[in-house]
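Have a look at the structure below, then the notes.
Positions are given from 1 along the sequence.
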Amino acid sequence: MKIFQPNWVHHDEKSIFSIDIHPSGERFATGGQGCDSGRVVIWNMAPVLSEEAEANKSIPRVLCQMDNHLACVNCVRWSGNGLMLASGGDDKLVMIWKKTLSGSGGGIGAFGGGGGKSVEHWRCISTLRGHAGDVLDLAWSPQDRWIASCSVDNTIIIWDAQQFPKIVHVLKGHTGLVKGVTWDPVGKFVASQSDDRSLKVWKTTDWSCFKTITEPFEECGGTTHILRLSWSPDGQYLVSAHAMNGGGPTAQIIERDGWKCDKDFVGHRKAVTCVRFHNSILKRSAPKTNKLQQYCCLAVGARDRSLSIWLTALQRPLVVIHDLFQDSILDLSWSCDGYTLLTCSGDGHIACLQFTAQELGTPLSEEDKNILYQRMYGKNANIDLTAQAEKEMIVENSDFLNVSKSNPLPPTLIPQQQPQLGGKRDDGGKVAQTSSHAVAIKSSSSLTAPTPILKQIETKTADGKRRITPMFIPLNDDNGPVSHTTNNLPSSIEFGSKSSETSNVEMKQLAHEEPTIIPPPIVRTGDESTGPIGSKLDNRLKKMATAPPQKAEPLSVPTDLQYAPSSTIQPAPNQKLMERTRQPATYPTGKAAVIQGHSFKAFGEIRVQIQNNTVKTSYGTLSRVVGVVVNAQRVEKKIWETVVGSPVVCFAVGAKYAIVCSQDHTIRMVDIKTGTPVFPVLSLTSPAVLSAFSSNSKLAGVVTESGILRIWSVPEKAVLLSSSCAEIMSGSFVTILHVSDQGMPFIVLSNGSSYSYCRKLDSWMLINSADPVIRHGLIGNKANAPVRNIKAYPLSTIQSYGNFSGPKTNSFAELHSASWQTSAAIAFIENQIKICEMIASPSELKYWYSMLGFQLALNGSEEKIRQVLDDLLGASHSLDTRMGDDNDRSVLGISKQLLMEDVLNHLKTQTKWQRIYTEYLDQLKFLKERDGGRDKPLME
């Protein structure tokens, strides 16, 4: 630490009552007494910090001197952006100064000191008149929205810094001279201290007195010229001047949490006159534990002419300097870099203290500071007062009057499902009908979040038995294949896991099945709820409840459900199903592995069984492929059988066909009802590791060890896609394969990345990866439970299989605070929209347009909002000639007007967008009237 007093900084031997360093650190201002008036001087900082600059006569010391105040200047303060300087004095005035071009200031308020030539020209752009007595202290609010001034007239005046000299409010309540004022760094409060032995905290929402604190000041005797209090940069501590504890002078610490007053800074022999927190939150490693500490730094000045520096992480002062001046310390100011402290005294001198990072610590970046604010207050310091200004905005559109003032909820992908669509029964047994119109016009953004995975639907059958159905767990319905044996599947593994012994058990669908969301339960008669299927629901529910949501789930595994050891190779025609036991789990390795034992997969009532190496012949060992039908009494009956000359490594079953892949690279397509071949035997360069059917069972696909991908249209007996995964595998292998009804493959690799192939672009589309934008987007928009419905929500289903880690920061608040978040979120959402268009997923397209509207309403710019709305309006209604002649009024069958309506619904939650909302709503109404209102009605 260095201490020095530049003796050339003075007011002609008159008192200096205030000092403040410019945010750029290049200059500082002093205020005090002049020869015959109040004086404000702007000084060059370079000669203070550097001996070389001080000795260089070509470097100016005084930049500008303003002698406009008629009486002593008590306070000078720079605005947060450094464009303006405020000064207040005994002439009851507050003057606002702004730098002008050389020679353009002219007249009053723009001249150099002592009649010499001014280096810089600062002009008084506004004079604020409102106080009836001396102005003693000033404070700019965060983002320079307001400036507060306090006076000996017992009041604090809040001025509108955007419309000088407009008065926002006059705060009355003190019964003595008000000698200090400071702002809460997040803009919620402003605090003042007075000679009436009280400190008051005022709310900025309605400017009412929120809290009056008197206990620490009851013993205070006498007074000081000023009482400059300060709020810590994290907003947690408010430190006052001139308090007493046990008869000794202190600087009282008031905690924001409960406004407790049980701590203070002690040691000064006379009353504390001013305190000033360091502008930044600091961090450093603790000396003994090496643990990262976050803390604040405070300078305290007193009438005993001493200065102390405190860190909130220490119980003792970091530095104490006695007899720094010949008179009381009256003001303090920290530089923007945090390592320089200037202080001034009534004796007319200033002192400069220079610290090092080792002594004070390192300031938190603005991004980290905002993350901290977000965690503690749910607010970003950069936008807090903008939101306050929005609250004061006049509502011009009646649609905004009924908008909820609570935080807007993001849209949900899966609509909330009603247990009974027709209505609900009241106590009298009558059916209460719901309004179908209200449901019809509800936008996706107004739907509540998906039901957590533990929620159940409970209904009663006609004979009084209960049926419990878990929500959002993939089960079979009439639209998809049926398997009664999913409870016996081997546990899945997490992507990238190297251990096969500690993997969590997680239930999953068979490779050929299409996960679906359970529809509202249908009441059935009979005792079917007591059968094997009903008994397995509870087991599935319990296991899904403990399964981590982001596990990779290889849906195709070499070993499926196994029969118990039996002396017979195949069941008798009327033999009931045997009990099945779990075999040791086999994990995908990217290599084709022979299916061990007996395995089957089913679609509806038909099962296809694989029995490898069960027939010994003189030509070699054969494997059986058997078709079995299961009746309502769960009795098996064999309907066909065929043999293959090589062990089966993977197979899949659809509604009409089964695909069987062997170790000798061959592929067979058979009819599941007759077992007859549909294709001749096909052969690829390596054995298949995965096979799958589309949900409509018309398309079949395989992936081989070497990455060859084939998709065939089975009814047309033609190849639909012939490509290779080798260009994206990069040392990994394919663990999951899905084929959409449109013939688009979705694959998930062992490293967690997922892709889909677009034939139109002849390229792989990236669906999920370790890309920071994708990770941020998926975590920020993640639903309560992973979506696993490949038919309705293919994009979300595939993206749910990744296991990429969350943000590296220790604070969850980074998800909503840093400056890059908005651009990253919008880039991610727009890419999701384009993927939905390519894979033809209309439900997800509507959801992501709604999410785009939600994001733009909260953090978007006017330019971006107009761009999105113009695109939805169409080329004929856009001023952007680059849009061309695209007059398509729908996307994937969804009217662009409906998508635009959903975006406007989100803009309606923010008053600041009301003019854009009104402008585009009028255009939308015009289009609907012109088109005869063939779409749904506008939001009302």
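- Every pair tested for salt bridge (charged side-chain N to carboxylate O under 4.0 Å, His left out) that includes a residue from residues 242-251 fails, sequence neighbours excluded, so the list is empty.
- Pairs of residues two or more places apart, or lying in two chains, that qualify as ring pair (Phe, Tyr, Trp, His ring centres under 6.0 Å) and include a residue from residues 274-294 are His278-Trp334.
- Residues that satisfy the salt bridge (Lys or Arg N to Asp or Glu O under 4.0 Å) test with Asp234, not counting sequence neighbours, are absent from this structure.
- Put simply, the side chain of Asp134 never gets that close to the backbone of Leu136: no donor and acceptor are under 3.5 Å apart.
- No donor-acceptor distance shorter than 3.5 angstrom exists from the side chain of Gln163 to the backbone of Asp160, with no hydrogens or angles considered.
- Environment of CD in Glu215: sparse, with no more than 12 heavy atoms of neighbouring residues, nucleotides or ligands closer than 6.0 Å.
- Remark: side-chain polar atoms of Ser141 are paired, donor with acceptor, to backbone N or O of Arg145 under 3.5 angstrom.
- Thr30 pairs in a side chain to side chain donor-acceptor pair (under 3.5 Å) with only one of the listed residues (Gln65, His11, His10), which is His11.
- Remark: side-chain polar atoms of Ser345 are paired, donor with acceptor, to backbone N or O of Ser328 under 3.5 angstrom.
- Summarising the geometry of Leu292 relative to Lys283, their closest heavy-atom pair is CD1-CB, 4.1 Å, with the distance given to 0.1 Å.
- Applying the 6.0 Å contact sphere to NZ of Lys200 captures more than 12 heavy atoms from other residues, nucleotides or ligands.
- Residues forming a salt bridge (Lys or Arg N to Asp or Glu O under 4.0 Å) with Asp323 (at least two apart in sequence, or on another chain): Arg305.
- Under the salt bridge (Lys or Arg N to Asp or Glu O under 4.0 Å) criterion, Arg284 pairs with no residue, sequence neighbours left out.
- Residue Lys14 places its NZ atom among more than 12 non-hydrogen atoms of other residues, nucleotides or ligands, all under 6.0 Å distant.
- A donor-acceptor pair shorter than 3.5 Å can be found between the side chains of Ser333 and Asp20.
- At distances below 3.5 Å, not a single donor-acceptor pair connects side-chain atoms of Ser15 with backbone N or O atoms of Gly348.
- Here the side chains of Leu171 and Val190 are in contact, with some heavy-atom distance below 4.5 Å.
- Within the 4.5 Å cutoff, no side-chain heavy atoms of Thr204 are placed close to those of Trp202.
- Partner of Trp146 under the ring-ring contact (aromatic ring centres under 6.0 Å, His included) criterion, chosen from Trp159, Trp140, Trp207: Trp207.
- Phe325 has its ring centre no less than 6.0 Å from the ring centre of His349.
- A donor-acceptor pair under 3.5 Å is formed between the side chain of Arg276 and the backbone N or O of Leu332.
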Could you go through the ring-ring contact (aromatic ring centres under 6.0 Å, His included) check for Tyr295 and Trp310 one step at a time? CA-CA 10 Å; Tyr295 53 90; Trp310 300 77; over 10 Å; no
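- Across Val181 and Asp137, no two heavy atoms sit closer than the pair N-OD2, 3.1 Å.
- Distance check: Ser194 OG to Lys179 NZ gives 8.0 Å after rounding to the nearest 0.5 Å.
- Taking a 6.0 Å sphere around CD of Glu51, one finds it holds 12 or fewer heavy atoms contributed by other residues, nucleotides or ligands.
- Shortest non-hydrogen contact noted between Val119 and Pro60 is CG2-CB, 3.8 Å.
- For the pair Cys75/Ser18, a side-chain contact is recorded, criterion being any heavy-atom separation below 4.5 Å from C-beta on.
- Going from atom NZ of Lys260 over to atom OH of Tyr237 covers 9.0 Å, rounded to the nearest 0.5 Å.
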Check step by step if salt bridge (charged side-chain N to carboxylate O under 4.0 Å, His left out) holds for Glu219 and Arg197. CA-CA 9 Å; Glu219 302 177 12; Arg197 300 179 183 177; over 6 Å; no
Take Lys92 and Asp153, measure what salt bridge (charged side-chain N to carboxylate O under 4.0 Å, His left out) needs, and give me the verdict at the end. CA-CA 10 Å; Lys92 311 174 188 178; Asp153 63 5; over 6 Å; no
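- Here the side chains of Trp78 and Ser24 are not in contact, with every heavy-atom distance at 4.5 Å or above.
- Of all non-hydrogen atoms in Gly80 and Pro23, the two that sit nearest each other are O-CG, 3.6 Å.
- Side chain of Thr343 to backbone of Asp331: a donor-acceptor contact under 3.5 angstrom is found.
- The residue from Leu128, Ile157, Ile158 that alone fulfils the side-chain contact (heavy atoms from CB on, under 4.5 Å) condition with Ile167 is Ile157.
- By the salt bridge (Lys or Arg N to Asp or Glu O under 4.0 Å) test, Asp12 pairs with Arg39, sequence neighbours left out.
- Of the possible polar contacts, one joining the Ser151 side chain to the Gly133 backbone as a donor-acceptor pair under 3.5 Å is found.
- Ring geometry for Trp259 against Phe189 counts as perpendicular: the plane angle is over 60°, on a 0 to 90° scale with 30° as the lower cut.
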